[in-house]
Amino acid sequence: MSKKTKKARGSSTSGTGVMGTGQKVVRGIISVILILYSFITIFVVAATIMNSFKTQGDLVTNFVGLPKEFSLASYITILTEDNFLLYLRNSLILTVCGTTGCIILSAMAAYGIARYSFKGKEILSNYFLIGMMVPIQVSILPLFLLLRTIGLLNNLLGLILVYISGISMSCLVFQKFFRTIPPALEEAARLDGCHDMTIFFKIILPITKPTIFTMALITAINEWNDFYMPMVLLGNENVKTLTLAIYQYVNQFTRYMSQSMAAVVITLVPVIIVYFAFSSQIIEGMTGGAVKG
């Protein structure tokens, strides 16, 4: 091997395998920022959980420290006296139904765009892209008038339909993933006599499980924590959600400090459980679509 070849290989290896000083500095700054952010987040969550077990008097004098004595009075109050279970049920119905419908609809739309050729395909794909750029506040008035016209204002079904229609982001992610699946799988299924719907639900969707888990979690968290849409579209007391209930407590925080903390903890628990239960599938889904077919 000539000296020029060795030199060229050495220079290419040093350029790709060894980070420069600037890259190390940038990576160090980003690491410090992420570590600080993680500590702040953990501290806030831990303080909220601890304060939810304090009495009103203990909160006023000892907001940051450990409780002098653990009390479940705040949880008992919001669960038995303030219709919190009703708000919890409403949030669960909205999140489960809205997420399920959104994922199924976006996956079917993305599969059609990724696998079939038809007139206006690019326009439809760009339409979903534009949907990610338009803030929901722009369309809230037409949505309000439409739901009032068809009699679904102050109705859980109306907001469920609104959540199901928010398929822009999920559709684009599913499109990218479907393009990595070899078409030979579908061709072999068609030779065995399978129809398109059978191929989609029995072959394509099982392969797409990691992406489905990822998009379902993102969609569910957004809908679970949504405040703006329920505030505008759900005005009746019997259809209020957890976020609206928490707002009522926070609006009078000095009076309902311990109840506010307990309400926030109850709202956080389902999200934390779902995240840790499906964390491996979520990571697999985030990395799976990055492979180009």
Side-chain angles (χ1 to χ4, degrees), residues 91-134 136 139 143 156-226 229 270-271 274-275 277-293:
S91 292
L92 285 173
I93 292 173
L94 287 171
T95 303
V96 172
C97 295
T99 301
T100 304
C102 177
I103 294 302
I104 294 175
L105 183 61
S106 60
M108 295 179 70
Y111 182 72
I113 295 173
R115 280 294 190 258
Y116 297 98
S117 298
F118 54 90
K119 190 176 181 180
K121 175 178 177 178
E122 293 298 326
I123 296 175
L124 182 61
S125 182
N126 292 330
Y127 172 77
F128 289 121
L129 182 61
I130 293 172
M132 295 178 60
M133 304 176 186
V134 178
I136 191 62
S139 59
L143 279 174
L156 292 179
L157 178 60
L159 188 52
I160 287 172
L161 294 176
V162 173
Y163 283 155
I164 291 175
S165 65
I167 65 173
S168 295
M169 179 180 176
S170 300
C171 187
L172 292 174
V173 173
F174 278 122
Q175 281 184 59
K176 185 175 181 181
F177 187 86
F178 287 149
R179 291 192 178 103
T180 66
I181 300 176
L185 289 175
E186 297 145 275
E187 294 172 3
R190 288 191 179 94
L191 290 175
D192 290 337
C194 294
H195 297 288
D196 289 348
M197 295 298 290
T198 305
I199 293 172
F200 177 74
F201 283 104
K202 291 190 176 181
I203 297 177
I204 300 301
L205 281 189
I207 298 174
T208 322
K209 272 186 180 179
T211 305
I212 290 175
F213 277 115
T214 303
M215 297 314 304
L217 181 66
I218 295 173
T219 305
I221 290 176
N222 289 335
E223 294 174 1
W224 181 263
N225 294 328
D226 187 22
M229 299 298 288
V271 178
V274 170
Y275 177 79
F278 301 105
S279 59
S280 60
Q281 290 91 339
I282 294 166
I283 295 172
E284 185 179 349
M286 294 177 66
T287 57
V291 181
K292 294 184 178 181

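Only a predicted model underlies this, so the values are computations on that prediction, with no experimental measurement involved. We number each residue from 1, following the sequence as shown. FYI, side chains are in, hydrogens and waters are out, and symmetry mates aren't considered; it's all heavy atoms of this structure.
T95 contributes no side-chain N or O that, together with a main-chain N or O of L92, makes up a donor-acceptor pair within less than 3.5 Å. Under the 3.5 Å distance criterion, the side-chain polar atoms of T100 are left unmatched by any main-chain donor or acceptor of C97.
Taking the ring pair (Phe, Tyr, Trp, His ring centres under 6.0 Å) definition, one finds that Y163 meets it with nothing, sequence neighbours left out. Applying the side chain to side chain contact (heavy atoms under 4.5 Å, CB included) test to S125 and every residue at least two apart in sequence or in another chain returns I113, Q175. Residues that satisfy the side chain to side chain contact (heavy atoms under 4.5 Å, CB included) test with I164, not counting sequence neighbours, are L105, I160. With sequence neighbours left out, V271 forms a side chain to side chain contact (heavy atoms under 4.5 Å, CB included) with I221, W224. With sequence neighbours left out, I207 forms a side chain to side chain contact (heavy atoms under 4.5 Å, CB included) with F177, I181, L185, I203. The side-chain hydrogen bond (donor to acceptor under 3.5 Å, both in side chains) search around N222 returns none, not counting sequence neighbours. For T99, the side-chain hydrogen bond (donor to acceptor under 3.5 Å, both in side chains) partners at least two apart in sequence or on another chain are E223.
Between the OG1 atom of T198 and the CZ atom of R190 there is a distance of 11.0 Å, given to the nearest 0.5 Å. Between the CG atom of L94 and the CG atom of L156 there is a distance of 5.0 Å, given to the nearest 0.5 Å. The CG atom of L129 lies 11.0 Å from the CD atom of E122; values are rounded to the nearest 0.5 Å.
Closest heavy-atom contact between F128 and A109: CZ-CB, 4.4 Å. Pairing each heavy atom of K202 with each of P206, the nearest pair is O-CG, 3.4 Å. Residues G112 and F118 approach most closely at O-CE2, 3.7 Å, considering heavy atoms. What you find for A114 and R179 is that their closest heavy atoms are CB-CG, 4.2 Å. The nearest pair of heavy atoms linking A107 to F178 is O-CE1, 3.3 Å.
For residues 182-202, the set of pairs meeting the ring pair (Phe, Tyr, Trp, His ring centres under 6.0 Å) definition, not counting sequence neighbours, comprises Y111-F200. A salt bridge (Lys or Arg N to Asp or Glu O under 4.0 Å) check over residues 100-117, counting only residues at least two apart or in different chains, returns the pairs R115-E186. The salt bridge (Lys or Arg N to Asp or Glu O under 4.0 Å) pairs that include a residue from residues 100-111 number zero, where partners must be two or more places apart or lie in different chains.
For the side chain to side chain contact (heavy atoms under 4.5 Å, CB included) criterion with I103, the lone passing option out of L205, I212, T211, T208 is I212.
Considering only heavy atoms from C-beta on, S170 comes within 4.5 Å of T219 through its side chain.
With a 6.0 Å radius and a threshold of 12 heavy atoms from other residues, nucleotides or ligands, I123 has its CD1 atom at or below the threshold.
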